[in-house]
K.L.:
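So that we are looking at the same thing, I have put the structure below in structure tokens.
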Amino acid sequence: MPQAGPAIPSTAAQHGRHDRILAAAATMLAAGGEDALQMKDLSQRAGVSVATLYRYFPAKDHVLLGILLSRYTSALSRVTARIPPGATARDRVTSHLLREFRAEQREPRLTAALSRVISETRRSYSEVIEQVEHLHLQMLEHVAGGGAPISAEQRQLLPVVQAIFGAATRRWLAGVCSPAQARFEIRVGCRLLDLPDAAVAEESLLAGPAS
């Protein structure tokens with residue numbers, strides 16, 4: 001039988017329970033990683049019944065994706081409420097992503113769990129993963145433009161920069177590279193934003209149709 005999808009909170013009380021679950025889960029993950037996130041314990045910490053927990057989050061991965069979606073939604077509101085400092089798109093995006101990486105370093109167990117689930121390939125998770133990535137790209141676009149519109153070519157580069165940032169994070173989590181090396185990779189990736197629009201357009205033509 002196919003697994004039921006997560007219920008969507010609609011009332012203030014439901015949103016309160018939903019948010020308590022996510023907050024409790026984030027605390028558990030930060031302290032002990034994915035192994036520490038047991039659904040029965042989570043329901044007790046959040047003050048909800050097991051049935052309520054499973055109604056909103058049918059599986060543990062739904063909890064992780066819920067944390068990601070909630071965090072990026074909140075972050076987008078914060079980021080777009082101000083004009084980011086920096087002289088160029090590259091400067092602004094570099095500063096933003098390095099701040100993100102420092103935040104990830106503060107809670108490595110939580111970061112590992114969220115990084116694992118955002119790399120998940122199951123089709124049932126593709127919609128929410130796409131939502132999370134879109135929220136992140138919206139943030140990066142606002143930061144890159146300093147609150148102003150960016151060119152279509154710069155917009156094409158942002159998913160590449162985003163992918164480099166994610167890869168650097170995963171390499172650090174796996175112990176393949178040091179934090180300093182990860183920061184280096186993030187900085188180098190952001191240098192793509194210095195490419196002239198004409199060069200980006202040329203490479204796009206060489207790549208051929210998106211399909």
K.L.:
Using the side chain to side chain contact (heavy atoms under 4.5 Å, CB included) rule, pick out the option among E141, H134, H136 that qualifies with Q138.
P.N.:
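So the option named by the test is H134.
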K.L.:
Does the distance from a Lys or Arg side-chain N to an Asp or Glu carboxylate O, for E34 and K60, drop under 4.0 Å?
P.N.:
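Looking at E34 and K60, the cut-off is not met.
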K.L.:
Classify the ring geometry of F101 against W172: parallel below 30°, tilted from 30° to 60°, perpendicular beyond 60°.
P.N.:
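It falls in the perpendicular class, over 60°.
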K.L.:
Report yes if the side chains of I129 and V132 come closer than 4.5 Å at any heavy-atom pair, otherwise no.
P.N.:
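Answer no - side chains too far apart.
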K.L.:
Measure from the side-chain N and O atoms of E127 to the backbone N and O of S124, and report whether any donor-acceptor pair falls under 3.5 Å.
P.N.:
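Checking the backbone N and O of S124 against the side chain of E127, no donor-acceptor pair under 3.5 Å is found.
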K.L.:
Do I150 and V160 share a hydrophobic cluster (ILVMFWY, side-chain heavy atoms under 4.5 Å, transitive)?
P.N.:
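I150 clusters together with V160.
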K.L.:
Evaluate the side-chain proximity of V79 to P84: yes if any heavy-atom separation is below 4.5 Å, no if none is.
P.N.:
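No, every pair of side-chain atoms sits at 4.5 Å or beyond.
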K.L.:
Tell me which donor-acceptor pairs under 3.5 Å the side chains of residues 42-50 have, and how far apart each pair is, sequence neighbours excluded?
P.N.:
residue	atom	partner	partner atom	Å
S43	OG	K40	O	2.7
S49	OG	T52	N	3.0
S49	OG	T52	OG1	2.9

K.L.:
In terms of side-chain heavy atoms, does Q14 have a donor or acceptor partner in S10 at a distance below 3.5 Å?
P.N.:
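A pair is found: one side chain offers a donor N or O, the other an acceptor, under 3.5 Å apart.
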K.L.:
Between the side chains of D91 and T94, is a donor N or O closer than 3.5 angstrom to an acceptor N or O?
P.N.:
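T94 and D91 do not have a side-chain donor-acceptor pair below 3.5 Å.
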K.L.:
According to a 4.5 Å side-chain heavy-atom criterion applied to Ile, Leu, Val, Met, Phe, Trp and Tyr, with indirect links allowed, do I164 and F184 form part of one hydrophobic cluster?
P.N.:
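Hydrophobic grouping puts I164 apart from F184.
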K.L.:
In this structure, are over 12 heavy atoms from other groups packed under 6.0 Å from R155 atom CZ?
P.N.:
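Yes, enclosed.
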K.L.:
Got more than 12 heavy atoms from elsewhere within 6.0 Å of CZ, R20?
P.N.:
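More than 12 heavy atoms, drawn from other residues, nucleotides or ligands, come within 6.0 Å of this atom.
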K.L.:
Taking the side chain as every heavy atom from C-beta outward, state whether L135 and L69 have any atom pair closer than 4.5 Å.
P.N.:
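Of all side-chain heavy-atom pairs linking L69 with L135, at least one is under 4.5 Å.
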K.L.:
Using only atom types and a distance under 3.5 Å, with no angle test, would you say the side chain of Q162 pairs donor to acceptor with the backbone of E133?
P.N.:
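Yes: the side chain of Q162 pairs with the backbone of E133.
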K.L.:
Verify, without hydrogens or angle tests, whether S115 (side chain) and T111 (backbone) share a donor-acceptor contact under 3.5 angstrom.
P.N.:
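The answer is no, because no donor-acceptor pair under 3.5 Å joins these two groups.
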K.L.:
Is the side chain of T80 donor-acceptor paired with the backbone N or O of L76 at a distance under 3.5 Å, no angle test?
P.N.:
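Looks like yes, one N/O pair under 3.5 Å.
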K.L.:
Looking only at non-hydrogen atoms, find the nearest pair between R71 and A26 and report the distance.
P.N.:
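Minimum heavy-atom separation between R71 and A26: NH2-CB, 4.0 Å.
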K.L.:
Would R109 and E104 count as a salt bridge (charged side-chain N to carboxylate O under 4.0 Å, His left out) here? Give the steps.
P.N.:
CA-CA 9 Å; R109 293 186 176 116; E104 290 177 337; over 6 Å; no
K.L.:
If we count only N and O atoms by modelled type, under 3.5 Å, do the side chains of H96 and E100 hold a donor and an acceptor together?
P.N.:
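Yes, because at least one side-chain N or O of H96 sits under 3.5 Å from a partner of the opposite role on E100.
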K.L.:
Can you confirm whether or not the ring centre of Y56 sits under 6.0 Å from the ring centre of H62?
P.N.:
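Ring-ring flag for Y56/H62: false, centres at least 6.0 Å apart.
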K.L.:
Can any side-chain N or O of S70 pair as donor or acceptor with the backbone N or O of G66 at less than 3.5 Å?
P.N.:
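Between the backbone of G66 and the side chain of S70 there is no qualifying donor-acceptor contact (under 3.5 Å).
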K.L.:
Should V200 and L192 count as side-chain neighbours, where that means a heavy-atom distance under 4.5 Å?
P.N.:
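Answer no - side chains too far apart.
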K.L.:
Hey, is the main chain of G86 close enough, under 3.5 Å, to the side chain of R92 for a donor-acceptor pair?
P.N.:
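Here the side-chain-to-backbone pair exists.
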K.L.:
State, with a plain yes or no, whether a side-chain heavy atom of L97 is found less than 4.5 Å away from one of V93.
P.N.:
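Counting from C-beta outward, L97 and V93 do come under 4.5 Å.
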K.L.:
Could you give all pairs that pass the side chain to side chain donor-acceptor pair (under 3.5 Å) test and reach residues 173-184, with sequence neighbours left out?
P.N.:
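Output for this query lists Q181-E185.
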